Number of protein chains: 2
Amino acid sequence: MNPTMRDVADYARVSPMTVSRTLRDDPSVAPEKRSRVLAAVAALGYRRNEAARTLRVGGSTKLLGVVITNIANPFYAQLALGIEDHADKRGMRVVFANSGENTDRERQLVQDFAARRLDGIIAVPAANQHDHLDPAGLAAVPVVLAASPPHRINVDAVLLDDFGGTYEATSMLIARGHRNIGFLGLPAATWTGSERYRGYVAALEAAGLAVQDRFVRRNQPHVAAAVEAANAILDQPDPPTAVFAANNRNTIGAYRAIRSHGGTTALAGFDDFDFADLLDLPLIVVSYDAREIGRVAAELVCGHIDNPSSSPLARRVVIPTKVIDYPNAAS
Amino acid sequence: MNPTMRDVADYARVSPMTVSRTLRDDPSVAPEKRSRVLAAVAALGYRRNEAARTLRVGGSTKLLGVVITNIANPFYAQLALGIEDHADKRGMRVVFANSGENTDRERQLVQDFAARRLDGIIAVPAANQHDHLDPAGLAAVPVVLAASPPHRINVDAVLLDDFGGTYEATSMLIARGHRNIGFLGLPAATWTGSERYRGYVAALEAAGLAVQDRFVRRNQPHVAAAVEAANAILDQPDPPTAVFAANNRNTIGAYRAIRSHGGTTALAGFDDFDFADLLDLPLIVVSYDAREIGRVAAELVCGHIDNPSSSPLARRVVIPTKVIDYPNAAS
DNA sequence: CTGTTAGCGCCTTCAG
DNA sequence: CTGAAGGCGCTAACAG
């Protein structure tokens, strides 16, 4: 095994306490012994066991747990960066875990985090069932949700203006003369899914247009399904002249479908991406600062860590969205 | 504070040992006491402190540390997924930290990981200086490198066929008749940077072509710099008719520059990406399974965890690359 | 300035 | 089947 403080003490011919104090830079250690200890540490390759220290001091683990659905989604990668930004400032490390949109796994993960006594948890819930995210059932570890408001539990949340962004982008399509607009959405059971759909519907209604169910598909779990759904919408008689896609997966799918249909259908979608301005068809996207969401979530959870009594506030922070128009000269 | 095992024991009117045994599913606990304990656990919201348990049992933390340069790079996001894939199978969690291409920070991070007694560390080194990644200086925590072979330390590594992929893609450009081929590279001090350059040079030489320094730029830290470098190459009299870009950042930069120069320059680049087939210019990419790199790295590090004596082998696993041609009808 | 005692939360060992 | 004693590695709280 690794050397312990006892070993160092024996080697330096002092008591473990002197080693402990030296390692803590306690000024009340005689310079001579201090250097003996340091030499012993170097000779033995000793490294203090932080876990044991934490146990004794009753201190925190300085670990932040993050449960997201999929780190490969650039949105979550940015979120992760934002969380790390803030965590780093406080000397904290971040434990990431992917839930894969599975609530059971999400529950498992947060329980594991609680058992490990992480200082706080940031979660992007896979669904609308949040009972397992209640700090009350998680050894009182503070929880902050991202991208979805809490359902029947009392925790903070950092949200995106899903409704506003969708409303604005859809309205832009309408302003450009489109009257029949398709919608590729997310499961209605998720907050994001229902809010974005609500934005689409509200924009249509504000313009006096009716929602046509034949133009709406709301459950495409991957790009291939999105392509298929978009094709189904475009293959109808009297198809829509524009499509709104509720996330990047659907935007990519719609893009492929539109391209194979001649590229004359206008497209708008939630989530910006790197190549949006390099594609060969025009595109409107709803953009936002995902990194900021992570940063704010980390701030909120750290607030609870610093002040454990401040729990029952259930704050909401909404991050704004911005619509960007990429004219992309069509082929 | 959180309830402890003592609290549960008192509540259930048994000894702490009985609680301990019950929580471990030790069959030698009377059903009646067992249910009393379980009830107490539920009533108090008790959760065993895994850190304390680990201390006593001498067990592992079941944490894997990962140091990468930037999780926002899709390559590292995939790598992260691969690592998690394997870690999950073993009930391990993953601590991610970004070094931001900074070796000092990288050292800080791995030392923090060692102090926390993580079971293993996977690192994508920021530079060619690896002394701080030697397990000997890290409380003997096993280390595996990804994407770069170890320099003067004795650890396993999972590599990419940087040379072969670049050679093949460059050769494809040559086969299409290009004689003057630009190169947008990475810092020569990094393994990846020198290997990919070596592949470019070897392909030229194999075809009897001379390397022309005026076509080579090797240090673009972000897309804007890559655009600038590509412009500088293309603005020369008698510019190259093709460009090889050594990573996704450079490919994007080159793409933008080529586009603004009329789009007649052929482009090949290391790293595939989502929209490669949706762009409005043809493109050749060197593709590979980044997730597999992570999976293998996790396997290797777990091998050392299971068998601590197997350290001094310094195995190398090379993940193959594949060249993909995206004809992308030009505008 | 330094060492001793005791104990963080849990579990191994060994008597009952 | 159950409990008491002791200790994992570290450090507060006291002596000296």
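Order of the sequence lines fixes the chain letters, A, B, ..., with proteins taken first and strands second; residue numbering starts at 1 for each chain. Keep in mind it's a predicted model, so treat the numbers as computed, not measured.
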For this session: Answer yes if the side chains of R24(A) and S20(A) hold a donor-acceptor pair under 3.5 Å, and no otherwise.
Result: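 The answer is yes; a qualifying pair exists.
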Exercise. Would you say the side chains of Q129(A) and H151(A) form a donor-acceptor pair under 3.5 Å?
Worked result: no
For nucleotides 10-14 of chain C, which of its nitrogen or oxygen atoms have a protein nitrogen or oxygen under 3.5 Å away, and what is each distance?
| unit_1 | atom_1 | unit_2 | atom_2 | d |
| --- | --- | --- | --- | --- |
| dC10(C) | OP1 | Y46(B) | OH | 2.4 |
| dC10(C) | OP1 | N49(B) | N | 2.9 |
| dC10(C) | OP2 | M5(B) | N | 2.6 |
| dC10(C) | OP2 | Y46(B) | OH | 3.4 |
| dC11(C) | OP1 | R48(B) | NH1 | 3.4 |
| dC11(C) | OP1 | R53(B) | NH1 | 2.3 |
| dC11(C) | OP2 | S20(B) | OG | 2.8 |
| dC11(C) | O2 | R56(B) | NH1 | 2.9 |
| dT12(C) | OP2 | R24(B) | NH1 | 3.3 |

From [atom1] of [X] over to [atom2] of [N], roughly how many Å is that when rounded to an integer?
X      : N       : atom1 : atom2 : value
L55(B) : dT11(D) : CG    : P     : 12 Å
D26(A) : dC10(D) : CG    : P     : 17 Å
D10(B) : dG9(C)  : CG    : P     : 13 Å

If the threshold is 4.0 Å, N to carboxylate O, is there a salt bridge linking [X] and [Y]?
X       : Y       : result
D112(A) : R93(B)  : yes
E32(B)  : R34(B)  : no
E299(A) : R295(A) : no
R107(B) : D131(B) : no

Exercise. OP1 or OP2 of dC1(D) sitting under 4.0 Å from any side-chain N/O of K33(B)?
Worked result: no
Exercise. Is there a side-chain polar atom (N or O) of S28(B) under 4.0 Å from OP1 or OP2 of dC1(D)?
Worked result: no
Exercise. Across the strands shown, which category fits T18(B) at heavy-atom distances under 4.0 angstrom: base, sugar-phosphate, nothing?
Worked result: sugar-phosphate
